[in-house]
Every structure is written in structure tokens, then in C-alpha cells.
There are 2 protein chains.
Amino acid sequence: MRHPLDPMLGFHLVRTANLALRAVNAAYGDLGIRHPDGAVLLVIDANPGITQSSIGRLLNIQRSNIAPMVSRLVDRGWLERRPGKGKTIGMFLTESGQRIMPAIHAASTAGENMITTSIGADAYAATLETLKRLR
Amino acid sequence: MRHPLDPMLGFHLVRTANLALRAVNAAYGDLGIRHPDGAVLLVIDANPGITQSSIGRLLNIQRSNIAPMVSRLVDRGWLERRPGKGKTIGMFLTESGQRIMPAIHAASTAGENMITTSIGADAYAATLETLKRLR
DNA sequence: CTTTTTATGCTATTGACCATAACACAAAAT
DNA sequence: ATTTTGTGTTATGGTCAATAGCATAAAAAG
């Protein structure tokens, strides 16, 4: 059984990415959110008052796709919109949102742990450095 | 502007995978197919007579999602189904399908070339070896 | 031999995520 | 004063993944 895609890095890239995302989504579990929501919460937690457009630029998500995500998180009482300069709106965690951040942090590292225990810490660090060089 | 996901390999994994897939899809261009179709064609070309279930196992695609893809490629005159043992069906390239395989091969390496020219050949080889160790 | 298990191909459906276009509006640049 | 740029938002379509369910056939187990 020949596998013509096995020697291609791109194939293993998407395959490994899917494995990691699967682990992360499973770790979010009963929180009822998925990896893009978790990423948005992490970014806002690290940058209180950040705009939706900036979040999209950091995470490579269109701002038109950020809007409904944020709305859902606002409805859950985890996020709050406060008007800023001009037409901009700053995003902040509510108290309820801050309370779940430990769980978000823990779940977001599920994929990392899976990878690390499988390839080792040194290979993890080397691959991370390599991929960060890519534009 | 803090980026809490930047030190996480998982984030760069999906980001790089998306870049590679985007390059591959662009390279397929006017062929009117996308990366899963190309992968299926490559696998059949390397394994004439392979079943759809086996293709799915190689590529991590559910066989229920392979069926409509194959049907489209059959409609285009690139693939042919020949009944095999029991309920199995072997997949083969038609002559027209064989004629486009050079273009498929060329396009499938577009993502690889993008990565290689960006991180270098040695980092490419090292990362490939690392990710192949992951189950 | 009969029954159960396993595997295959397929349809249908749902959902997640991505991408594009279009709009209203505000700030900044010209 | 006019143009350009940026922001938030809605709507919409498309790709791909996931699940359940069906009919059928081979293989395994009784």
C-alpha cells in the first residue's frame, strides 16, 4: 500500500493540526465552546480592551467571522463590549468570564501536552522555532 | 499587543497548515479541483484498484465523505470504478485521468515548495521526521 | 449450517469554519 | 471638502468533517 503523501510535510502538518485541535476541543468539553472561542478569550484576557479587528489579525480570522463569535460569548455573560474611540469597541472579560479563564488555559494546553509527550520537549521547541519563522 | 497563542506549537501548526493548503488550492487553479480531490487522485495513481475505504484510511477521511468526491471525479471522466471481490469496488484512473496526473503532481508540491523556500531544506527534513513520529 | 460480526459503498443531514460582498459609519489623509 | 482607510455587522455561499442509517457481502463464531 503506497502512500504518496507520506513524504510531504504539508500532509503531516494538516494531520497533526487536526489531532491537536481535536484534543483541544475535547478538553473544552462541557464548557460548550470550541477552539476559536477559546483563542478569542485568551487574546482578550491578555489584551483587555482589544478590538475585534485586532483579534482577527492576531488569530488569522476575518472580522466578519469574529462578530458572531463574540456575540455568543457576550450572551453567555463572559464578555462585555465597551465603546471606545470613534466606531471602535473594546472587549473585556466580565467577572464571570475571568472566573472560567483557568479552565480555558488548562484546556488550551491539552493539544500542546499531547504533542509534547509524543515527540519530546526538544523536538517540540525545535519545531516551534521552525514554524515561527514562516510567513 | 500580547499574543498568548504565539508560544503554542498547535497554533502555528494550524496556521502553517492553512498556508500550505491555500498554496496547493491556488496551484490547482483552473483544474477545478481542491486539495482533497488531488490527494485522492495521487493515492489511486500510486495504488491502482484501491478501495474507497482504504483511501479514507490513508488520508484520514471518512468513507462517507470519500463517496461523493469520487463520484464527481468519475463524472469528470478521470476515475473509473471496477467491481472487485464481494462488495468492494476498485478505483482506477482513466486515460484522461492519467493525462492530468503531471499537473496534479506539480500542484501538490506547491505547498511543499513554499515551506521549503521559507524555512530551508534541513528544517523541512527535520520537521517532517518529527511529525511522522506522531500518532 | 446458522447466526453473528465485521466491512464496504452510499445517502442524507448537520455543523464548524472560512471567505466574500455589502452596508453604515467614523476617523484620517489628501 | 473630498477621498481614503478602518471598524463593526449582516448575509450568504462553500468546503470539509462528523454522525447516523441503510443494504449488502464476506468472514467469524456458535
Side-chain angles (χ1 to χ4, degrees), chain A residues 10-11 13-26 28-29 31-40 44 49-75 79-92, chain B residues 10-11 13-26 28-29 31-40 44 49-75 79-92:
Chain A
F11 173 73
L13 235 28
V14 322
R15 173 180 154 278
T16 311
N18 287 341
L19 286 178
L21 288 181
R22 189 180 280 271
V24 171
N25 284 331
Y28 281 133
L31 275 171
I33 64 175
R34 297 175 57 77
H35 60 92
D37 308 276
V40 166
I44 296 174
I50 193 174
T51 68
Q52 298 185 24
S53 293
S54 293
I55 297 173
R57 275 187 291 270
L58 282 186
L59 299 179
N60 307 311
I61 302 178
Q62 243 68 34
R63 68 187 195 281
S64 54
N65 293 325
I66 299 267
M69 288 181 39
V70 163
S71 293
R72 274 185 12 234
L73 296 174
V74 168
D75 291 346
L79 286 186
E80 190 184 3
R81 293 186 233 239
R82 299 188 204 156
K85 298 187 57 174
K87 206 183 180 181
T88 68
I89 299 178
M91 304 303 311
F92 295 88
Chain B
F11 174 73
L13 235 28
V14 322
R15 173 180 154 279
T16 310
N18 287 339
L19 287 178
L21 287 181
R22 189 181 281 270
V24 171
N25 284 331
Y28 280 134
L31 275 172
I33 64 175
R34 298 175 56 77
H35 60 93
D37 308 276
V40 167
I44 296 175
I50 193 175
T51 68
Q52 298 184 24
S53 294
S54 292
I55 298 172
R57 276 187 290 270
L58 283 186
L59 298 179
N60 307 311
I61 302 178
Q62 242 71 31
R63 67 188 196 281
S64 53
N65 293 325
I66 299 265
M69 290 181 39
V70 164
S71 292
R72 274 184 14 235
L73 296 173
V74 167
D75 291 346
L79 286 185
E80 189 184 4
R81 293 186 232 238
R82 299 189 204 156
K85 297 188 56 175
K87 207 184 178 183
T88 67
I89 299 178
M91 305 302 312
F92 296 88

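Here is how names work: the chains are called A, B, and so on, in the same order as the sequence lines, proteins then strands, and each is numbered from 1. Hydrogens, waters and symmetry mates play no part in the numbers below; they use all other heavy atoms, side chains included. Every value quoted in this text rests on a predicted model; they were computed, and no experiment measured them.
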With heavy-atom distances below 4.5 Å as the criterion, would you say the side chains of Arg72(B) and Ile33(B) are in contact? no
Nearest non-hydrogen partners of Glu80(A) and Val74(A), listed with the distance: N-CG2, 4.5 Å
Can you pull the contact range of chain A along DNA chain D, 5' to 3', using atoms under 4.0 angstrom from its heavy atoms? dT7(D) to dA18(D)
Asn18(B) CG to Leu13(A) CG distance, which is reported to the nearest 0.5 Å: 9.5 Å
Just how far is it from atom CG of Leu73(A) to atom CG of Asp37(A), taken to the nearest 0.5 Å? 5.0 Å
Taking 5' to 3' order, which nucleotide of DNA chain C is first and which is last to have an atom within less than 4.0 Å of a heavy atom in chain A? dA16(C) to dA27(C)
Judged by each residue's nearest nucleotide on DNA chain C, which is more toward the 5′ side, Ser64(B) or Asn18(B)? Ser64(B)
If you measure from CE on Met69(B) to CG on Leu59(B), what distance do you get to the nearest 0.5 Å? 8.0 Å
Base, sugar-phosphate, or nothing for Thr51(B), non-hydrogen atoms under 4.0 angstrom? sugar-phosphate
Under a 3.5 Å threshold, yes or no: a donor from one side chain and an acceptor from the other, between Thr51(B) and Arg57(B)? no
Remember a base hit wins even if backbone is also touched, and classify Gln62(A) as base, sugar-phosphate or nothing at under 4.0 Å, heavy atoms. base
Starting at the 5' end of DNA chain D, which residue's closest nucleotide do you reach first, Ser71(A) or Arg57(A)? Arg57(A)
On DNA chain C, check which nucleotide each of Pro68(B) and His35(A) is closest to and give me the residue with the more 5' one. Pro68(B)
Taking the side chain as everything from C-beta on, heavy atoms only, tell me whether Arg81(B) gets closer than 4.5 Å to Met91(B). yes
What's the separation between atom CD1 in Ile61(A) and atom CD1 in Ile66(A), rounded to the nearest 0.5 Å? 4.5 Å
